[in-house]
Participant: 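What follows is a structure written as structure tokens; I'll ask about it next.
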Protein chains: 2
Amino acid sequence: MMADKVTSFDVARQAGVSQSAVSRVFTPGASASAATRSKVIKAAEELGYRPNTLARAMITGKSRVIGVVVAYLENQFYPMALEHLDHALKARGYHIMLFMAKNDDSVGQIVEELMSYQVEGIITASVAMSNDIAKRCHDAGIPVVLFNRGQDTGNLAQVTSDNVKGGRTVANFLFAGGHRKIAHISGWLESSTGLDRMRGFVDGLAEHGIAPVAVEDGRYSQKIASEITRSLCDSPDRPDAIFVGNDHMAFAVMDTLRFELGLSVPDDVSVIGYDDVPIAAWPAYDLTTIRQPINQMVNATVDVLLARIENDAASERIQIPGPLKIRGSAKKPKGFTR
Amino acid sequence: MMADKVTSFDVARQAGVSQSAVSRVFTPGASASAATRSKVIKAAEELGYRPNTLARAMITGKSRVIGVVVAYLENQFYPMALEHLDHALKARGYHIMLFMAKNDDSVGQIVEELMSYQVEGIITASVAMSNDIAKRCHDAGIPVVLFNRGQDTGNLAQVTSDNVKGGRTVANFLFAGGHRKIAHISGWLESSTGLDRMRGFVDGLAEHGIAPVAVEDGRYSQKIASEITRSLCDSPDRPDAIFVGNDHMAFAVMDTLRFELGLSVPDDVSVIGYDDVPIAAWPAYDLTTIRQPINQMVNATVDVLLARIENDAASERIQIPGPLKIRGSAKKPKGFTR
DNA sequence: CTGAAAGCGCTTACAG
DNA sequence: CTGAAAGCGCTTACAG
């Protein structure tokens, strides 16, 4: 049952042509006559031949694999991104090799692995070590793009949504909804994403002449976000609205508010998230949130990466604006309907 | 900045040894004297040498990559499995190449890709085409194990939880809780997982002398599960408990019950799921469910797969029992405390 | 369009 | 333990 290994040499022999001819038939765009082509195809089918991708990759230096490094998959945004990335990449003839970066993994270790597998390009889609990893791979000459993460210095390619604008939109919406005691549980403030959303939000509020009653770093952790929620609402002067740095934390915030503190969302406290992952639309949360246009972000990421692989394109920083998705977790300003 | 490609030949030259020596130093378990070893290591570091995994893979026939085919990542069980799989595999020196099987992809296409990348083994962790894909790869001589899916015929290796037992446990728990009008929205009944849970459940109920008031195929779809919930509860004689074939659907069932039909869970209707994904523990759902011991399942999967890669081990069917995790979505039988 | 030959970067018997 | 040589399965100038 086990298919014996059949090589291009075998096919060539069977078809009565040279190995070169076989190679050409299986190389898109290479020149081969119709006659040769059909002889080769026929022989290949008879023998069950399949070109050895590894050998081809070694010769051409093109492995057709992209390394995707991701930190953890519990926040639904990342599995969704992975799914889209796979589709977009597959459409271009690439495959994904997964590199989960646990926090106790060393950056050097991961970089070693990425490089030794000769990935043609790298997409980092996570927190913490992204920048380090990206920088080192970039320095080693392999194209990288940071997905959903930026960095101010350096010249790495990156695609994010327009986080500053998103934060500002939330500020406007909340202010228009009549809120004046607004807190922010931010995304990790060491990440551009967390920082930009916070900045846009604070600036937006400032334009209305107010400041957030609190800004605390939730570090993308549900546990930390819950703790902050508790301490925020423990005071007699609790906030009447909370903007949370991503949906994943926002779910924990809502749960804490409702089931632990006995508060109503949005009657007592409005909550707004960021991402618009599928769960945000589930009725239990019905979360008002800024939608990250994941499809566009993924397409842009793939475009930039492949451009860099094919020729040494300049670095780019792409920001894609995302709309506010109004649902039921935050008071709606007059005149707004869902 | 771009590191020039440095080969084992270069290192050999610099270290004053043969290429074979270099190869041996980088091959775990190969014999090389301490002197040679240190010369080579030194030269390698100076030159920034890194063995080319592709070349090695081509020679040895061992790519050290495992193909993981997965259908979709919205059900949190699969990203979690992926994360665990990556860790377990990495610990053994393997990496994951991802193959998302969209429904409109042809089985043949996917199999072609898997084979041409010379993956050493395959794990299928999804629905629909799993069996087809697995069978063809197995026939081609490449080791496969079905994760969270079985099949009655054939001799493919597979690891699941003990789904029959799980279904039975749910039946006992619900009966003990005083329920007598119990419906089942099953997992896809063409999958062993869906079928086994259903059978165990029906059998379990039968032992108490009752039958489910309805068994409908939810096909792992939230949308379908919601529709079934609606029609089930539309009747004056609605069920007082629903066992749902997986957590992912159970969330939709609970949302439909509460927010659309205005029913209380568990006061009007008890709901029980299957999987115990992280979301099940979120207070909004607080779902009573059968826990699939994902860690053990993943470890078993990796063990079986690697055993088959290393030597031609016999096929295995592993079933790992999982406990009922009692939370708040179903009435608790007297005497039970959380 | 086609074939003979060289080569990709490594590993593996085979001698020593 | 070590090196020279052959070879893994393919692609790519180079001639024709």
Participant: Would you kindly compare A:Q19 and B:G16 by the position of their nearest DNA chain D nucleotide and give the one closer to the 5′ end?
Facilitator: B:G16

Participant: Just by distance, do the side chain of B:Y94 and the backbone of B:V302 share a donor-acceptor pair under 3.5 Å?
Facilitator: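 No: the side chain of B:Y94 does not pair with the backbone of B:V302.
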
Participant: Under 4.0 Å from any heavy atom of chain B: name the first and the last nucleotide of DNA chain D that qualifies, 5' to 3'.
Facilitator: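 Nucleotide range with atoms under 4.0 Å of chain B: D:dC1 to D:dG9.
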
Participant: With distance as the sole criterion, is a donor-acceptor pair present between the side chains of B:T36 and B:S33 under 3.5 Å?
Facilitator: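 The criterion, which ignores hydrogens and geometry beyond distance, is satisfied for B:S33 and B:T36.
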
Participant: Regarding B:T60, tell me which of base, sugar-phosphate or nothing describes its non-hydrogen contacts under 4.0 Å with the strands shown.
Facilitator: sugar-phosphate

Participant: Under the side-chain hydrogen bond (donor to acceptor under 3.5 Å, both in side chains) criterion, do A:S192 and A:R149 qualify, and how do the steps go?
Facilitator: CA-CA 6 Å; A:S192 71; A:R149 197 76 39 172; 5.6 Å; no

Participant: Check this for me: does any side-chain nitrogen of one of B:D139 and B:K135 sit under 4.0 Å from a carboxylate oxygen of the other?
Facilitator: yes

Participant: Under 4.0 Å between a Lys/Arg side-chain N and an Asp/Glu carboxylate O for B:D303 and B:R92?
Facilitator: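 Yes.
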
Participant: May I ask you to decide if B:I41's main-chain N or O and B:Y49's side chain share a donor-acceptor pair within less than 3.5 Å?
Facilitator: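 No, the answer is negative, given that no donor and acceptor are paired below the 3.5 Å cut-off.
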
Participant: Which dot-bracket string describes DNA chain C (Watson-Crick N1-N3 plus N6-O4 or O6-N4, or G-U N1-O2 and O6-N3, all under 3.5 Å; [ ] crossing; | other strand)?
Facilitator: |||.||||||||.|||

Participant: Select base, sugar-phosphate, or nothing to describe what A:S31 touches, counting heavy atoms under 4.0 Å on all strands.
Facilitator: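 Since a base atom lies under 4.0 Å of A:S31, the category is base.
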
Participant: Testing the 3.5 Å rule here: is there a donor-acceptor pair between the side chains of A:Q118 and A:S63?
Facilitator: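 Note: A:Q118 and A:S63 side chains miss the donor-acceptor criterion.
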
Participant: Over all strands shown, is A:S20 touching base, sugar-phosphate only, or nothing at heavy-atom distances under 4.0 angstrom?
Facilitator: base

Participant: Are the side chain of A:D275 and the backbone N or O of A:V277 linked by a donor-acceptor pair below 3.5 Å?
Facilitator: no

